[in-house]
Amino acid sequence: MVLQAEGLTRRFGETLALDDVALTLRTGEVHALMGQNGAGKSTLIKLLTGAERADAGSIRIDGRAIAPATPLDAQREGISTVYQEVNLCPNLSVAENLYAGRFPRNRFGLIDWPRVRRGARELMAQLHLDVDVDSLLGSHPVAVQQMVAIARALGVSARVLILDEPTSSLDEGEVRELFRVMRQLRERGMAILFVTHFLDQVYAVSDRITVLRNGRRVGEYTPSELPQSALVTAMVGREVVLAKGHARSGAMAEDAPVVAEAEGLGLRGRLQPTDLRLRAGEVLGLGGLLGSGRTELARLLFGLDRPGQGRLRVAGRDAAFRDPADAIAAGFALCPEERKTEGIVAGLSVRENIILALQARMGLRRFLPRARQEELARRFVDLLGIASASIETPVGALSGGNQQKVVLARWLATEPTLLILDEPTRGIDIAAKQEVMAEVERRADEGMAVLFISAEIEELTRLCDRIAVMRERAKAGELPGGSGAEQVLALIAGHEAEAAGAA
Amino acid sequence: MKTAVTIGFAQRMRAFALRPLFWPLLTLALLLAGNGLVNPEFLSLQWRDGHLYGSLVDIANRAAPLVLVSLGMTLVIATRGLDISVGAVAAIAATIAAWTLLRLHAGDGDAPSLQPLFAALAAALAVAAACGLWNGLLVVKAGMQPIIATLILMVAGRGIAQLIGNGQILTVYNAPYSYLGNGFLLGLPFALFVVAATFALLHVLLQRTALGLFVRAMGHNPLAAHVAGVRTKRISLALYTFCGFCAGLAGLLVSSNVSSADANSVGQLMELDAILAVCLGGTALTGGRFSLVGSLLGALIIQTLTSTIYAIGVPPQVNLVAKALLVFAVMLLQSAEFRGSVRGWMRRVVPGGAR
Amino acid sequence: SGSAPDGSASKPITVGFSQVGAESEWRSANTASVKAALAPPEFRLKFSDAQQKQENQIKALRSFIAQRVDVIAFSPVVESGWETVLREASAARIPVVLTDRAVKVSDDSLYATFIGSDFVEEGRKAGRWLVEDSKGKAGPIRIVELQGTVGSAPAIDRMKGFREIIDADKRFAVVRSQSGDFTRAKGKEVMEAFLKSQGRDIDVLFAHNDDMAIGAIQAIEEAGLKPGQDIRIVSIDGVRGAFEAMKAGKLNATIECNPLFGEQLAQLIRDVSAGRPVPKRVEVEEGVFTADQAAAELPKRKY
Amino acid sequence: MSVVHPTSAAGARDARAWRVAERLPLLVTATLFVAMSAGGGVLYDGFLSPQVFLNLLIDNAFLCIVAVGLTFVILSGGIDLSVGAVIAFTSVLSATLVQQHGWHPLAAIPLVLAFGAGFGALMGTLIRYYRLPPFVVTLAGMFLARGAATLISVDSISIEHPFYTAVAALRIPLGGGASLSFGALAALAVVAGGALLASATRFGRTVYAIGGNEQSAWLMGLPVGSTLVGVYALSGFCSALAGVTYTFYMLSGYSQHAMGLELDAIAAVVIGGTLLSGGSGHVLGSFVGVLVLGLIQTLIVFDGTLSSWWTRIAIGVLLLAFCLLQRLLVARR
Ligand SMILES: Nc1ncnc2c1ncn2[C@@H]1O[C@H](COP(=O)(O)OP(=O)(O)OP(=O)(O)O)[C@@H](O)[C@H]1O
Ligand SMILES: Nc1ncnc2c1ncn2[C@@H]1O[C@H](COP(=O)(O)OP(=O)(O)OP(=O)(O)O)[C@@H](O)[C@H]1O
Ligand SMILES: [Mg+2]
Ligand SMILES: [Mg+2]
């Protein structure tokens, strides 16, 4: 036993985030911490690592009681952590982020930069990540930042490694690398605590599972004694039917009106000229690897970047969006990929965050009456199951998954004609994910066009009427609804023939 | 200028929402009470020549220009901006008004007509607003950092004002003009009505339109607000323009009060005082969180401080030290962390406190 | 003044003049007078404004030295701190003429001559006027003082000179003294506070410059008192506004501090650059004006 | 708004482009400085003499030193408005100690330096541990330092100690009649030291990290508290050192010295490419920023025809032209 926590309790105002929770980590195990959004996973981790102070409870390492008051204290005790939101410094280089706080020094007492670079490259290579270690961290997409955060935690020779939703932004390849490294570390006797909302990942890598529900510990299990459905029941507290992949038909979309059409839309260095047609009532999936250009396409459609070439036609007419407000006025909505920087406004309440885009579309003068705002907010809080003390709670106080739901709610509330979702289910628990999918489908059935970007192939094949695949910043091809995951994967990997053949 | 919000985010936000103005109010009350103790006359109000007369009236009247500027500044700061040119803009507005009045020979007339006055006010305020717009353009369109963008006008503005006045103090004896800063309406200084009107205008704007929401969204996370479709650039431009307008109004009040426009002294160091007022009122310089009433209180606190120093008769060498100590005291009083540690010390010192 | 320059056909005398700033009307008048006197073709004036900062003046002087001007003239912001740069000037053999205010240096030969006024003397004059004017009045005579900007040379010296005279007479007592920053607005504000805290127990106001006096006059009127009668007022500078106030009977006296010494300065510069001996100190003509002279004097005021 | 951080400008994602972009402001600033000097050389005789440029250094030595300390504060996301006042206080304190209490300068100087650092550390403590806004704390610090200077002496105090006069008169010849002062050397040393401190020490990198995101830095286990206090202490120390240099420069202690210097220093730092929101910038940039401000002044003095108000307007216009060009070139890439 390396780490043993007992009776951990933490209250935030009226929310009892953790209530008398115990956790045991043994040497050489991967321990999954499971629970719904807002169950208290991140809070537990913060207490263990000194990022928050516990109201009650004790933590022992090797039987010795510790009381970390800052993350630095926890690091000194051999606990290395990756927090849920990427918590690195965007303005520093990748190498610096990897070594900040433990820079090797040369004989003049100055930072030994060559050694830092060398070490950084090695760490990156360990994760099979091809990144220029001198580049600024902030210039990379979240996925890469997440990998860097993981690499930083790995670089510390710690006894306990804690990973809070490390895989939320990663695609399959990266996840595989991460798991490989985690297994290696386990062999070396490290204890790893790991949070995820992907059930298959839990079963792929973990030795033991602790389940939290509403801030309380439900129990500790081994994967073999707890099949998926039982795990879900433990987390949710009631039986939930996991939807099977019922693919949408895609038939009705053929003659539906075209909501938006991109013709050779592109931007030098970011996206090759791309054609895309979005129809009312159709869910168009967009697949591809990290950095394949999906986000860039979405940004160009939404006026967040100005296209260098090509044009965009909205309802048959040429449109040139100068900023998102124009796109919103044309009935577009974009739920962005980067939740922390482009999504939530942490200081505003849940209500204000939800109505923000709608209000922006209505303009300054037509101010939504307070009653209407509250009604909207309540509706979406119920619809998406946002766990929040009240609709007046600042969004910064919500758990990560619930923040994501708020951003989603903001865009659903605008009732757009075209909804672009860039990795909308990141960090959302399985039960909520189903709700989100169902809502998107419902909207599509009512005639909304949807562009759905996701790293999860399964999600794509289940939800979409049509799937476009991006590769190396260009559109590689399109697949009709009902295509299987293998076809999508083949197209992503660049085997057009296989993809077509299978269809 | 960042605070690590790690502990009890919700708790703090709620506590703040419950009584955000408690500490500034307490500070002001303490200051006034302290003055009253030292000099009972201080709090007394008399009815003299058809208007209220007393130190409190003076403080309110003297604070008026600062309040105006602080109001404009609050919104600019709330959107992560800054305007250090307010003093210079006040000087420009003052000289333009005086210059126009002198041009229209409105100074000597026995039966002053109001036309020249309106022309002068319109010219001055238009130019002041244009100055604000200029600042806004530099920040929003040219992408310069606010402090540098407005530093340019801060440096050049006084030069422009002096150029207009040819380096002279422009003296205007125009009765309607001096009414602005000296007159009384319903027994109260007219300047207070100017402030009240501005405040009411802003209040209505913030309550009845989405401006408040947008401003806070922009302040907390400009990029997210932009993505959400808030027209951040337009709003920033408008806020800088309004800040310039407020500075202009302040300049008019100051110059009308002494019936002259001194390009050198109007609004001297006003930028620092205004930012200080905004801070004292609980508005975060990092943007997002703001309070108009807070800024109003902040400005009143600063003016009360100044008046206190004059009233208790300390030698002028001590002015700055006194001001510094009072500002420290005020800020510490408002710091929850400091109150926490004071409680800690008390417990240790007072026997039987905790144990 | 106006004597024919010798060798007027030869090339102009390049003069570097560093002015303190443009912080008051007095200063602007001074600048105008200097500029008018040091005009082409006889002179080539390099004018520099220091915006009230000594370091800017030093920079300007260094730059004049680098440009090898013929004569340097400047109005020092303060008395001390000039040693180094004046040594550099003297090493470059550029004569220096001080205007308006003197400097403290270990070696007087670092500057050629000084022309200007004596702030301490101005304070004394104000004091003497008050003593004169208070003849036969019983004590105590309560004085309030509006000082200039804290730490500025005129404020320190005028206060010093005034106190020197006043302290000799037991009837006088300075009951309040506060800085009004040399401006009308502050003068008014501080006077307001004085009136509130002293009530009517103020007999005399001494202001370090006319602007503060003008501001204070407004405050006195607003308090329902008669400036010039209920409270006697003496100030320094002698700007136009002060004469207007005296004419209206609201100000009792002003001590002139004459900024119009441009011609005198020009003559000194001619002499210095021609190597003629000059007196080490040249006083500017200044007077004391009282309310009864105001009406006659007003039309003659240039600033 | 203008200061949207690189992270958020998700459009520009090419790492290499960013690396250039990060250094570009400094390059552009330096280039514009050279261009401006060339312009001066064309317009005015004698402008391009070496001594004119050395004078930039001599006359702005104290500003350089202050700007270096301030750069760290601004990089950490804070601000220090007390720098000018600390210079004044230092000058008055050393002048009184030396002139009126007969201290030897070599005893007085370490004392005032310690004083400056302590004062900074105190402000840093208030900012960090009581969570007071840096703007207000250092503004009050400015009042306090200047007020204390005034309390010690309203009058300006000349320093006649032979040590001071000797150091003040000291000129290090560089050949061709050009020379540098002691203060200028000190400034160069501080700039070099500051650049090294910022780029190659744990302290320096922690400052950048805090400026990038204070909470992240804290979660990464960096010593945020002590570093922030250290940053303000450093700035206080630099201000005091600048005060010492200033005292050598002026040979006097005066409470009104270095009035409004804080704005010049902030302007220099920001012109040098440091983001006021923290996390990005260079010490060398601030150095160039100081030189640019000095150059603007020199240009105006060389012109010598501007009236007082036109001087102000000209400073504004030159500043505007400079900053606009800078923005234009940096934005173009
Ligand atoms: N700083 C805070 N202030 C107030 N409430 C908080 C704070 N942090 C967390 N909470 C509340 O505590 C509860 C638990 O949050 P936590 O972040 O631990 O959930 P989680 O299990 O990590 O969820 P997710 O899967 O969405 O990340 C939530 O209800 C949240 O609103
Ligand atoms: N593995 C990687 N290594 C380095 N850079 C990467 C990697 N993956 C992505 N990138 C960066 O991502 C950028 C492409 O971004 P874009 O967001 O358009 O693609 P995407 O398909 O949406 O990817 P994502 O899945 O991250 O959203 C490239 O500029 C590249 O710098
Ligand atoms: Mg979490
Ligand atoms: Mg993406």
Side-chain angles (χ1 to χ4, degrees), chain A residues 46 49-51 70-76 80-81 83 85-94 96-97 99-103 105-106 108-113 131-132 134-142 145 149 152 156 267 269-270 291 295-296 299 304-306 336-338 340-342, chain D residues 1 3-24 75-77 192-193 195-227 274-275 277-282 333:
Chain A
K46 286 184 188 155
T49 60
T70 66
L72 186 57
D73 293 347
Q75 273 180 26
R76 295 209 177 105
S80 172
T81 319
Y83 295 95
E85 301 293 342
V86 176
N87 277 298
L88 296 177
C89 291
N91 59 324
L92 300 185
S93 74
V94 169
E96 281 186 81
N97 270 292
Y99 276 94
R102 54 189 185 92
F103 282 114
R105 285 186 280 203
N106 61 21
F108 308 111
L110 300 176
I111 297 175
D112 188 350
W113 285 117
V131 182
D132 177 358
D134 288 328
S135 59
L136 283 190
L137 182 86
S139 65
H140 295 288
V142 227
Q145 298 190 21
R152 173 181 164 85
V156 189
L267 181 57
R270 309 256 196 89
T295 298
E296 194 51 60
R299 293 174 62 90
L304 257 173
D305 293 329
R306 301 248 193 113
E337 171 184 39
E338 319 239 351
K340 199 168 159 187
T341 54
E342 298 177 347
Chain D
M1 318 261 54
V3 228
V4 171
H5 207 271
T7 347
S8 38
R13 288 181 162 191
D14 192 354
R16 258 163 226 290
W18 265 115
R19 258 159 68 206
V20 178
E22 203 225 358
R23 274 159 217 178
L24 199 66
L75 279 176
S76 79
L196 204 64
L197 186 66
S199 64
T201 64
R202 291 187 179 182
F203 173 81
R205 300 323 290 175
T206 307
V207 172
Y208 278 86
I210 294 173
N213 189 333
E214 183 177 327
Q215 198 189 349
S216 290
W218 187 72
L219 286 173
M220 284 163 90
L222 301 180
V224 173
S226 58
T227 305
T274 300
L275 283 188
S277 47
S280 164
H282 295 279
R333 285 210 253 162

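Below, chains carry the letters A, B, ... as their sequence lines are ordered, and counting in each starts from 1.
- Pairing each heavy atom of D:A209 with each of A:L92, the nearest pair is CB-CD1, 3.8 Å.
- Proximity to chain D involves both the backbone and the side chain of A:L88, based on heavy atoms less than 4.5 angstrom apart.
- Only the side chain of D:L196 comes within contact range of chain A, with at least one heavy atom under 4.5 Å from a heavy atom of that chain.
- Looking at heavy atoms from C-beta onward, A:N87 lies out of side-chain contact with D:M220 at the 4.5 angstrom threshold.
- Here the shortest heavy-atom pairing between D:S216 and A:C89 reads CB-SG, 4.4 Å.
- From D:L219, atom CG reaches atom OG1 of A:T49 across 7.5 Å, with rounding to the nearest 0.5 Å.
- Separation of atoms NZ (A:K340) and CG (D:N213) is listed at 5.5 Å; rounding is to 0.5 Å.
- Applying the side chain to side chain donor-acceptor pair (under 3.5 Å) test to A:Y99 and every residue at least two apart in sequence or in another chain returns nothing.
- Looking at D:T201, the atoms closer than 4.5 Å to chain A (heavy atoms on both sides) sit in the backbone and in the side chain alike.
- A:L72 pairs by the side chain to side chain contact (heavy atoms under 4.5 Å, CB included) definition with A:T70, A:Q75, A:R76, not counting sequence neighbours.
- Considering OG of D:S199 and CG of A:L110, their distance stands at 8.0 Å, rounded to 0.5 Å.
- At a 4.5 Å heavy-atom cutoff, the contact between A:N97 and chain D is made by backbone and side-chain atoms alike.
- Side-chain atoms of D:R205 never come within 3.5 Å of backbone atoms of A:F103 as a donor-acceptor pair (strictly under, hydrogens ignored).
- Closest of all the heavy-atom pairs between A:G50 and D:W218 is O-CH2, 3.8 Å.
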